[in-house]
Amino acid sequence: MKTHLMTVVAVTCVLAGCTQSTAEPEAQGAALLAPFKQDLKSALVKGMESGPVAAIGACRTEAPMIAGRLAVDGVVMGRSSHKLRNPENVAPEWVAPLLVDYAAARLAGPVAIETTKGRFGYVEPIMIQPMCLNCHGSALHPDVEARIDELYPVDDAKGFSEGDFRGVFWVEFPQS
Ligand code: HEC
């Protein structure tokens with residue numbers, strides 16, 4: 001019975017074109033995060049077409065919706081930061097020490113770790129690009145600043161410069 005199951009898995013793997021590397025936690029994590037990053041970027045770019053005040057709304061409602069939609073088969077994902085705008089984006093316990101290391105430049109690039117037996121966590125750092133400065137820089141348009149202050153009374157995510165470490169995308173998943 002066991003042998004039979006193994007054969008089925010191997011055949012499925014061949015059909016799906018799966019290689020050794022897709023089974024590695026880092027590759028698996030990157031693949032799981034890809035649609036989250038892509039959809040979030042589209043939402044932000046689309047929102048920005050109507051201006052940064054409108055884009056605040058898009059970013060605020062779309063991010064948790066996209067993460068929720070992709071949370072299937074024991075996969076959970078989100079965004080977090082050492083300088084939070086929304087306190088609901090607080091880092092899971094396994095992500096918190098990584099944030100400290102990225103912020104202190106002791107760590108750069110993606111990381112995969114085993115969180116509990118049979119589950120892995122994968123994290124990718126996010127850097128500030130010019131367009132992010134509209135809402136995370138130090139000289140915000142007064143309308144943008146007013147809306148952000150209204151929605152996020154304890155905002156800690158202003159004052160960034162281009163190239164700064166802003167936070168992370170994280171995902172936790174069962175080993176495939
Ligand atoms: C239109 C304004 C706007 C722009 C442009 C923008 N953000 Fe944000 N950002 C926000 C808002 C609003 C939130 C809080 C969303 C929420 O409520 O979950 C946020 C949250 C975040 C978070 C989640 C952690 C936290 O602090 O809550 C990260 C990470 C982040 N932004 C990074 C970026 C990066 C990187 C860019 C540029 C590629 C960017 N943002 C561009 C408005 C913006």
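Only a predicted model underlies this, so the values are computations on that prediction, with no experimental measurement involved. Start at 1 and go down the list; that is how both ligands and their atoms are numbered. The residues of the chain are indexed from 1 along the displayed sequence.
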Check for me whether Val53 has a heavy atom closer than 4.0 Å to any atom of ligand 1.
no
Identity and separation of the nearest protein heavy atom to atom 34 (C) of ligand 1:
Cys132 SG, 3.5 Å
Test side chain to side chain contact (heavy atoms under 4.5 Å, CB included) on Val171 and Phe36 and set out the steps.
CA-CA 10 Å; Val171 59; Phe36 183 38; over 6 Å; no
Find out if a path of hydrophobic residues (ILVMFWY) with successive side-chain heavy-atom gaps under 4.5 Å connects Val144 to Met131.
no
Give yes if a backbone or side-chain nitrogen or oxygen of Ser81 is under 3.5 Å from a nitrogen or oxygen of ligand 1, and no if not.
no
At the 4.0 Å heavy-atom cut-off, does Ala63 count as touching ligand 1?
no
Should we count CD of Glu88 as having more than 12 external heavy atoms under 6.0 Å?
no
Can you tell me if Ser80 uses its side chain to pair, donor with acceptor, with the backbone of Val168 under 3.5 Å?
no
In the protein, which heavy atom is nearest to atom 18 (O) of ligand 1, and how far is it?
Asn89 ND2, 3.2 Å
N/O to N/O below 3.5 Å, does that happen between Asn86 and ligand 1?
yes
Output the list of atoms in ligand 1 that are nearer than 4.0 Å to some heavy atom of Leu44, sorted by atom number.
4 (C), 41 (C)
Which atoms of ligand 1 are found less than 4.0 Å from any heavy atom of Pro52?
1 (C)
Considering Arg60, Arg79, Glu62, which one's heavy-atom position lies nearest to atom 20 (C) of ligand 1?
Arg79
In ligand 1, which numbered atoms sit nearer than 4.0 Å to a non-hydrogen atom of Lys83?
26 (O)
With no hydrogens and no angle check, is any side-chain donor or acceptor of His136 less than 3.5 Å from a backbone partner on Ala157?
yes
Between Arg79 and Trp170 the two heavy atoms that sit nearest each other are N-NE1, 3.8 Å
Heavy-atom closest pair, residues Trp94 and Tyr122
CH2-N, 3.5 Å
What residue and atom, counting heavy atoms only, is the protein's closest point to atom 29 (C) of ligand 1, and at what distance?
Ile126 CD1, 3.8 Å
Near Ala55 (heavy-atom distance under 4.0 Å), the atoms of ligand 1 are 1 (C)
Is His136 close enough that one of its N/O/S atoms sits under 2.8 Å from atom 8 (Fe) of ligand 1?
yes
Under 6.0 Å between ring centres: does that hold for His82 and Tyr102?
no
Is any side-chain N of the basic residue among Lys83 and Asp156 closer than 4.0 Å to the acidic one's carboxylate O?
no
Ranked by distance from atom 43 (C) of ligand 1, the top protein heavy atom is Cys135 CB, 3.3 Å
For atom 10 (C) of ligand 1, which of the options Arg85, Lys41, His82 provides the nearest non-hydrogen atom?
Arg85
Give the residue and atom name of whichever protein heavy atom lies nearest to atom 32 (C) of ligand 1, and the separation in Å to one decimal.
Arg166 CG, 3.5 Å
Close approach of Leu84 to ligand 1, heavy atoms, under 4.0 angstrom
yes
Return the closest protein heavy atom for atom 15 (C) of ligand 1 as residue, atom name and distance.
Tyr152 OH, 3.5 Å
Can you find a non-hydrogen atom of Phe169 under 4.0 Å from ligand 1?
no
Test log, rule side chain to side chain contact (heavy atoms under 4.5 Å, CB included), inputs Ile148 and Arg85
CA-CA 9 Å; Ile148 287 175; Arg85 170 150 292 168; 3.5 Å; yes
So for ligand 1, is Gln129 a polar contact partner (N or O within less than 3.5 Å, distance only)?
no
Please check if the side chain of Asp149 supplies one atom and the backbone of Ala146 the other of a donor-acceptor pair under 3.5 Å.
no
Do Glu49 and Lys46 meet the salt-bridge criterion of a basic N to acidic O distance under 4.0 Å?
no
Heavy-atom pairs closer than 4.0 Å: do any link ligand 1 to the side chain of Val168, the backbone, both, or neither?
neither
Just by distance, do the side chain of Arg119 and the backbone of Gly74 share a donor-acceptor pair under 3.5 Å?
yes
